[in-house]
Amino acid sequence: MIDRTVSTVIDANKCTGCGLCVTVCPSGTLSLQGDKAVVSGDRSLSCGHCAAVCPADAITVHAVDPEASRYATFAADPSWLPPGEFNTTQLVRLMASRRSCRHFKNKPVERSTLEDLVKIGITAPSGTNNQLWSFTILPDRESVAAFGDQVALFFKHINKLAENGFLRHALRLIGKAELANYYRDYHQSVSEALTEREKNGRDRLFHGATAAIVAGSKPGGSTPKEDALLAVQNILLAAHSMGLGTCLIGFAAIPLKKDIRVKRFLGVPDNEHVHAVIALGYPDEPYLKVAGRKKIVSRYFTAAQTRNGK
Ligand SMILES: Cc1cc2nc3c(=O)[nH]c(=O)nc-3n(C[C@H](O)[C@H](O)[C@H](O)COP(=O)(O)O)c2cc1C
Ligand code: SF4
């Protein structure tokens, strides 16, 4: 359930009555009475916009935890960066330089770094500011490998099912083509990866990552998947800036979505959903330039077009 409790407190002695907090509040929680701002609404997004805009430092939103913005591995700058004041060239360079890493060094990632990454993740927006995301940290290679064992068991089972042509056909006849599609697209490569894993221990699932973060959602949010994935992209970019490589592992997310035993193995509560698994570690891949993307053509909608019947 989304918590809309009002936790905003205004210090009347500091308030100058400028009205800025009332203007930026998206939920009409605040109003001006005489020359002072007051809490007049009974619901709040706890977004903190009012406290961030107040020139008199008169507002505290108690639902906002100062610890969530305190980082162990770098000095944060809490001052607001106005639009247009960041270097776009550098931002795009960071974004385009993030690559899915498939060769990790056998070097552990510090827990403080992993915890900071989660905190950076949650600077993302979330529907109704619900912040009902959840994160499970696998802090070392041993834990990632133990999770890998569970994923391997899951896919062994799926491969066996998919090898049954009668079952594939019967499911397709009742409109369930998932297993047949899996057989067509993935059965062979998964089978090869499982064999390599058993024969020579090659980790084609996590690529030798020494840590992982599983991003999910608690029940009750309106946009759980979007919220989690927005946090994930923050983590990917921040990890790159910290010298870490990352790779989203869709193949590890599937068993967490489909088999409750795998979720329980990682200690993810039954009522949570998993949306992504991020493999992390120090990268062993030297690139010389960014990779680029396929051609993209956006379409336009303009009201003028509609008026002219075009
Ligand atoms: C949802 C999702 C799932 C992915 N799953 C895997 C995976 O299981 N294994 C893997 O090596 N890469 C995986 N990737 C990485 C993609 O292959 C990669 O993002 C794509 O090739 C583009 O390369 P780049 O990330 O380096 O820009 C996944 C990416 C996404 C977005
Ligand atoms: S922004 Fe601060 S000073 Fe201005 S009305 Fe709100 S509480 Fe008072």
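Whatever order the structure lists ligands and atoms in, that order sets their numbers, starting from 1.
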(message) Whether E115 and R70 form a salt bridge (side-chain N of Lys/Arg under 4.0 Å from carboxylate O of Asp/Glu) is what I want to check.
(response) no

(message) Whether R102 and D203 form a salt bridge (side-chain N of Lys/Arg under 4.0 Å from carboxylate O of Asp/Glu) is what I want to check.
(response) no

Heteroatom proximity flag, [X] to ligand 1, N/O under 3.5 Å:
X	value
L205	no
C247	no
L248	yes

(message) Going by a strict under-4.0 Å cutoff (protein heavy atoms only), does atom 7 (C) of ligand 1 have a neighbour on the protein?
(response) yes

(request) Can you confirm whether something in the protein, heavy atoms only, sits under 4.0 Å from atom 18 (C) of ligand 1? (result)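 Neighbour list for atom 18 (C) of ligand 1 includes protein heavy atoms (cut-off 4.0 Å).
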
Show which atoms of ligand 1 fall inside a sub-4.0 Å distance from at least one heavy-atom site of [X].
X	result
F251	8 (O)
H207	10 (C), 11 (O)
R99	23 (O), 24 (P), 26 (O), 27 (O)
G250	3 (C), 4 (C), 5 (N), 6 (C), 7 (C), 8 (O)

Give a yes or no answer on whether the side chain of [X] reaches the backbone of [Y] with a donor-acceptor pair at less than 3.5 Å.
X	Y	value
S143	P139	no
R168	L179	no
K218	S134	no
S69	D65	no
S44	S46	yes
D116	A72	yes
R204	R197	no

(message) I'd like to know if atom 6 (Fe) of ligand 2 has an N/O/S atom from C21 within less than 2.8 Å of it, counting both backbone and side-chain atoms.
(response) yes

Nearest protein heavy atom to [atom], by residue and atom, and its distance?
atom	value
atom 4 (Fe) of ligand 2	C18 SG, 2.3 Å
atom 16 (C) of ligand 1	R102 NH2, 3.5 Å
atom 25 (O) of ligand 1	S100 OG, 2.5 Å
atom 2 (Fe) of ligand 2	C54 SG, 2.3 Å

Please list, in number order, the atoms of ligand 2 under 4.0 Å from a heavy atom of [X].
X	result
T16	3 (S), 8 (Fe)
G19	4 (Fe), 5 (S)
I59	7 (S)

(request) Compute both the distance and the angle, then confirm whether K105 meets the cation-pi test with Y282: under 6.0 Å from the six-membered ring centre, within 45 degrees of the axis. (result)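 Negative - K105 is either too far from the ring of Y282 or too far off its axis.
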
(message) Please report whether the ring centroid of F147 lies less than 6.0 Å from that of F206.
(response)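 Close enough - the centres of the two rings lie under 6.0 Å apart.
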
(request) Measure from the ring center of Y186 to the ring center of F251 and say whether it is less than 6.0 Å. (result)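 Yes, the ring of Y186 comes within the 6.0 Å limit of the ring of F251, centre to centre.
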
(message) So that I can check it, does any N, O or S atom in C15 come closer than 2.8 Å to atom 2 (Fe) of ligand 2?
(response) no

(message) Could you check whether any heavy atom of R293 sits closer than 4.0 Å to an atom of ligand 1, since that is the contact criterion I want to use?
(response)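 Distance cut 4.0 Å: R293 passes for ligand 1.
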
(message) Within the structure, is a non-hydrogen atom of V53 found at a distance of less than 4.0 Å from ligand 2?
(response)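 Outside the 4.0 Å threshold, so no.
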
